[in-house]
K.L.:
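Sharing a structure here in structure tokens format.
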Amino acid sequence: MSLSTQPYKGARDFYPEDKRLQKYIFDKLRQVVESFGYQEYDAPILEPLDIYLAKTGEEIVNEQLYSFVDRGGRRVAIRPEMTPSVSRMVAGRRQELAYPLRWYSIANFWRYERPQRGRLREHYQLNADIFGVEGVAADAEIIQVADSILKSLGAKAEMYRININSRVAMIQAMKEFGLEGTELKAVYKLVDKMPKLTDEDFKKVLSENLSAEKATKLLKYLDNNQPPEKVDRLLSLLKSVGVTSATYEPSVVRGLEYYTDIVFEVFDTNPENARALFGGGRYDGLVGLFGVEPLPTVGFGMGDVTLQNFLEAHKLLPKLQVETDAIVVLIGDLYESAQSLLAQLRESGLKLAVDSSGRKLDAQLKSADKSGVKHVIFIGEAELKSKKLKLKNLQTGDERQLSAEELVKALQS
RNA sequence: GCGAACGUAGCUCAGUUGGUUAGAGCGUCUGCUUGUGGAGCAGAAAGUCGUGGGUUCAAAUCCCAUCGUUCGCCCCA
């Protein structure tokens with residue numbers, strides 16, 4: 001019985017070509033987020049189970065958490081998201097940190113899911129958060145950052161839509177309709193589902209759960225395109241910084257319980273990938289759970305799986321070159337005598353792999369070609385003597401005799 | 001957790017109403033001689049037909065279970 005070569009269900013292997021793509025994407029994320037002054041942090045992949053019990057969605061905790069009891073009897077969970085961890089960290093230094101605090105991380109998370117398109121058991125996520133700003137300017141910045149990321153990856157404004165809502169405004173409206181407590185929670189879920197249902201189906205579901213009077217009022221509220229005041233201010237702020245994809249959408253509520261006011265969700269407008277890409281919002285109550293003075297916070301999380309689906313759907317993924325500059329092909333038994341020359345070239349910044357197989361020249365060339373590396377450097381007796389190396393471009397077939405300095409220049413340009 | 005489709009060489013797939021030693025293309029490897037790859041020619045390796053049961057004289061083909069993949073639902077990223 002042989003072992004399987006497949007990775008664990010819902011998890012991915014990153015072969016070099018996959019890792020290259022991931023690196024490309026993560027580098028873009030870092031670049032944008034750092035240009036707004038966010039600082040990178042990280043946290044352990046394991047957390048005490050408790051930090052998820054209070055505010056993470058019920059379903060996530062009960063059915064999707066990877067958890068176990070450690071040898072010391074502690075209940076431990078593999079993190080399903082970053083927000084509780086970062087809240088814990090900020091709370092731990094609540095008094096000493098400088099606000100507004102801008103932090104980000106790119107980390108992996110686990111949820112026990114049934115894998116399908118856009119959703120796996122392990123995914124990577126960018127988290128960016130602002131701590132300590134109550135006003136809507138922080139909400140606007142978070143959305144602006146998300147928008148800038150998409151644009152830096154080549155997306156155009158019409159490729160996605162940013163739907164924004166205010167939970168506070170919504171709850172207030174609901175209360176006016178006489179909706180409270182469990183009924184309110186139920187309505188949340190229904191509203192969240194609205195975009196997936198036809199108007200008729202939605203009305204039907206609504207009437208099953210609410211009195212006719214309440215249902216009518218709710219429908220009217222959801223139909224209203226007039227954003228509440230806070231959303232209105234947010235939208236005009238966004239407009240002023242060039243974010244044109246944002247709109248008011250009263251059906252956006254998001255599943256996580258810790259969101260307290262503004263929530264947003266980014267949708268792909270491509271009909272082939274019509275889905276929520278990622279989202280975020282304000283969660284003013286979470287830091288305070290750790291026994292310190294509460295801290296207003298907004299942030300968002302952007303998952304790599306949905307992001308990559310989005311980029312694929314819009315043909316925004318670049319073809320990436322292998323990192324290695326050249327493969328050195330040795331002609332004859334020169335492995336030792338070539339080393340000092342190779343060391344010199346590497347010191348000048350070249351990324352060089354040596355074919356140390358001792359195979360015939362054509363076999364070495366074939367492998368070099370297959371590896372995807374663009375150049376080959378031939379080193380034989382003649383080259384070592386004359387100190388002129390032969391550089392070959394495998395794509396064009398061009399060959400040039402160059403000194404070490406010229407070679408470095410040629411490969412670095 | 002629920003529902004559906006699929007699972008044959010490394011990859012993409014073919015395999016007739018169950019019937020001899022299971023096929024193709026691409027890829028891989030070897031050679032076409034000794035300092036030049038991508039093309040060509042010649043040849044080779046490679047599959048207990050996802051796994052385990054069952055039905056049958058006979059199973060890749062039918063049935064059941066299980067694992068995996070994919071797509072929905074739930075939920076969410």
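Source: prediction; values computed, not measured. Atom set for the values below is all heavy atoms of this structure, side chains included, hydrogens, waters and symmetry mates excluded. Throughout, a chain's letter reflects where its sequence line sits, starting with A, and its residues are numbered from 1.
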K.L.:
Paired with B/A65: which nucleotide, if any, by Watson-Crick or G-U wobble criteria at under 3.5 Å for both distances?
P.N.:
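When the pairing criteria are applied, B/U51 turns out to be the nucleotide that pairs with B/A65.
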K.L.:
Per the atom types in the model, does the base of B/U36 pair as donor or acceptor with the side chain of A/Q364 at under 3.5 Å?
P.N.:
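In this structure, the two groups form no donor-acceptor pair.
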K.L.:
Please lay out, stage by stage, how A/L402 and A/K388 fare under the test side chain to side chain contact (heavy atoms under 4.5 Å, CB included).
P.N.:
CA-CA 5 Å; A/L402 300 170; A/K388 288 272 190 183; 5.9 Å; no
K.L.:
Should the side chain of A/K390 and the base of B/U36 be counted as holding a donor-acceptor pair, with the cut-off at 3.5 Å?
P.N.:
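Side chain to base: pair present.
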K.L.:
If you pin A/Y112 and A/F378 to their nearest nucleotides in RNA chain B, which one's is more 5'?
P.N.:
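Comparing both residues, the 5'-ward one is A/Y112.
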K.L.:
Under a 3.5 Å cut-off for both contacts, is B/A46 paired Watson-Crick or G-U wobble with anything, and if yes, with which nucleotide?
P.N.:
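Base partner found: none.
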K.L.:
Taking the C1' atom of each, how far is B/C6 from B/A44, in whole Å?
P.N.:
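Each nucleotide's C1' atom is 33 Å from the other's.
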K.L.:
Between atom CD in A/Q395 and atom P in B/G37, what is the gap in whole Å?
P.N.:
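So the two atoms are 17 Å apart, to the nearest Å.
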K.L.:
Take atom CD of A/E399 and atom P of B/G37, then tell me their distance rounded to the nearest Å.
P.N.:
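Taking CD of A/E399 and P of B/G37, I get 10 Å after rounding.
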K.L.:
Using the P atom in both, what is the distance from B/C63 to B/G27, to the nearest Å?
P.N.:
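These two P atoms come out 37 Å apart once rounded.
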K.L.:
If you measure from the C1' atom in B/G15 to the same atom in B/U21, how many Å do you get, rounded?
P.N.:
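To the nearest whole Å, 16 Å.
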K.L.:
Would you check, one step at a time, whether the test side chain to side chain contact (heavy atoms under 4.5 Å, CB included) holds for A/W103 with A/M89?
P.N.:
CA-CA 11 Å; A/W103 278 8; A/M89 284 172 69; 4.2 Å; yes
K.L.:
I need the NZ-P distance between A/K370 and B/G38, as an integer number of Å.
P.N.:
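So the two atoms are 13 Å apart, to the nearest Å.
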K.L.:
Output the distance between atom NZ (A/K151) and atom CD (A/Q144), rounded to the nearest 0.5 Å.
P.N.:
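Between atom NZ of A/K151 and atom CD of A/Q144 there are 9.0 Å.
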K.L.:
Can you find an N or O donor on one side and an acceptor on the other, under 3.5 Å apart, linking the side chain of A/E383 with the base of B/G35?
P.N.:
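Such a pair exists between side chain and base.
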K.L.:
I need the CG-P distance between A/L120 and B/C75, as an integer number of Å.
P.N.:
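My rounded result for the distance is 20 Å.
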K.L.:
Are A/T83 and A/Y283 linked by a side-chain donor-acceptor pair shorter than 3.5 Å?
P.N.:
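Note: A/T83 and A/Y283 side chains miss the donor-acceptor criterion.
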K.L.:
Could you tell me whether A/R117 contacts a base, only the sugar-phosphate backbone, or nothing, with contacts defined as non-hydrogen atoms closer than 4.0 Å?
P.N.:
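Sugar-phosphate only.
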K.L.:
Check the phosphate of B/U69 against A/K9, side-chain N and O only, distance under 4.0 Å to OP1 or OP2. Yes or no?
P.N.:
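Yes, because at least one side-chain N or O of A/K9 sits under 4.0 Å from OP1 or OP2 of B/U69.
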K.L.:
Distance criterion of 3.5 Å, no angle test: do you see the side chain of A/R114 paired donor-to-acceptor with the base of B/C74?
P.N.:
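When only heavy-atom distances are counted, A/R114 does not reach the base of B/C74 through any donor-acceptor pair under 3.5 Å.
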K.L.:
Categorize A/Q125 for me: base, sugar-phosphate, or nothing, with a 4.0 angstrom heavy-atom threshold over every strand shown.
P.N.:
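If one applies the 4.0 Å heavy-atom cut-off, A/Q125 turns out to touch the sugar-phosphate alone, with no base involved.
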K.L.:
Hunt down the Watson-Crick or G-U wobble partner of B/A60, both distances under 3.5 Å, from any strand shown, or write none.
P.N.:
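Base partner found: none.
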K.L.:
Which nucleotide, if any, forms a Watson-Crick or G-U wobble pair with B/U12, using both distances under 3.5 Å?
P.N.:
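B/A24 - that is the nucleotide pairing with B/U12, both distances being under 3.5 Å.
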K.L.:
Write down the distance separating the C1' atoms in B/G47 and B/A60, rounded off to the nearest Å.
P.N.:
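Roughly 11 Å separates the two C1' atoms.
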K.L.:
Between the side chains of A/Y112 and A/Q64, does any donor sit under 3.5 Å from an acceptor?
P.N.:
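Distance-only check fails for A/Y112 and A/Q64.
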K.L.:
Between B/U66 and B/A14, how many Å separate the two P atoms, rounded to a whole number?
P.N.:
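Their P atoms lie roughly 27 Å apart.
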K.L.:
Could you work out the separation of B/C49 and B/U61 based on their P atoms and round it to a whole Å?
P.N.:
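My reading of the P atoms in B/C49 and B/U61 gives 9 Å.
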K.L.:
Write down the partner of B/C41 under the Watson-Crick or G-U wobble criteria, each distance required to be under 3.5 Å.
P.N.:
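Across all strands, the one nucleotide that pairs with B/C41 is B/G31.
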K.L.:
A/K366 side chain: which of B/G38, B/G68, B/U36 is closest?
P.N.:
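The answer is B/G38.
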K.L.:
Quickly work out the A/I377 CD1 to B/G35 C1' distance and round it to whole Å.
P.N.:
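That distance rounds to 16 Å.
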K.L.:
Does a side-chain N or O from A/R254 land closer than 4.0 Å to OP1 or OP2 of B/A77, or not?
P.N.:
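It does, given that an N or O in the side chain of A/R254 lies less than 4.0 Å from OP1 or OP2 of B/A77.
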K.L.:
When you match A/G279 and A/L365 each to their closest nucleotide on RNA chain B, which lands nearer the 5' end?
P.N.:
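Taking each residue's closest nucleotide, the earlier one in sequence belongs to A/L365.
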K.L.:
Side chains of A/S367 and A/D355: do they bring a donor and an acceptor to under 3.5 Å?
P.N.:
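A/S367 vs A/D355: no donor-acceptor pair found between side chains.
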K.L.:
Between A/Y8 and A/R121, is any side-chain donor less than 3.5 angstrom from a side-chain acceptor?
P.N.:
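Distance-only check passes for A/Y8 and A/R121.
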K.L.:
A/F300 CZ to B/A77 P: how many Å, rounded?
P.N.:
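After rounding, the reported distance stands at 13 Å.
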K.L.:
Let me know the distance between CG of A/L384 and C1' of B/G35, rounded to the nearest Å.
P.N.:
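Rounded to whole Å, this separation is 13 Å.
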K.L.:
Expressed as a whole number of angstroms, how long is the span from A/N108:CG to B/A77:C1'?
P.N.:
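Nearest whole value for this atom pair: 14 Å.
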K.L.:
Counting Watson-Crick and G-U wobble pairs only, both distances under 3.5 Å, name the nucleotide matched with B/C74, or none.
P.N.:
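Pairing partner: none.
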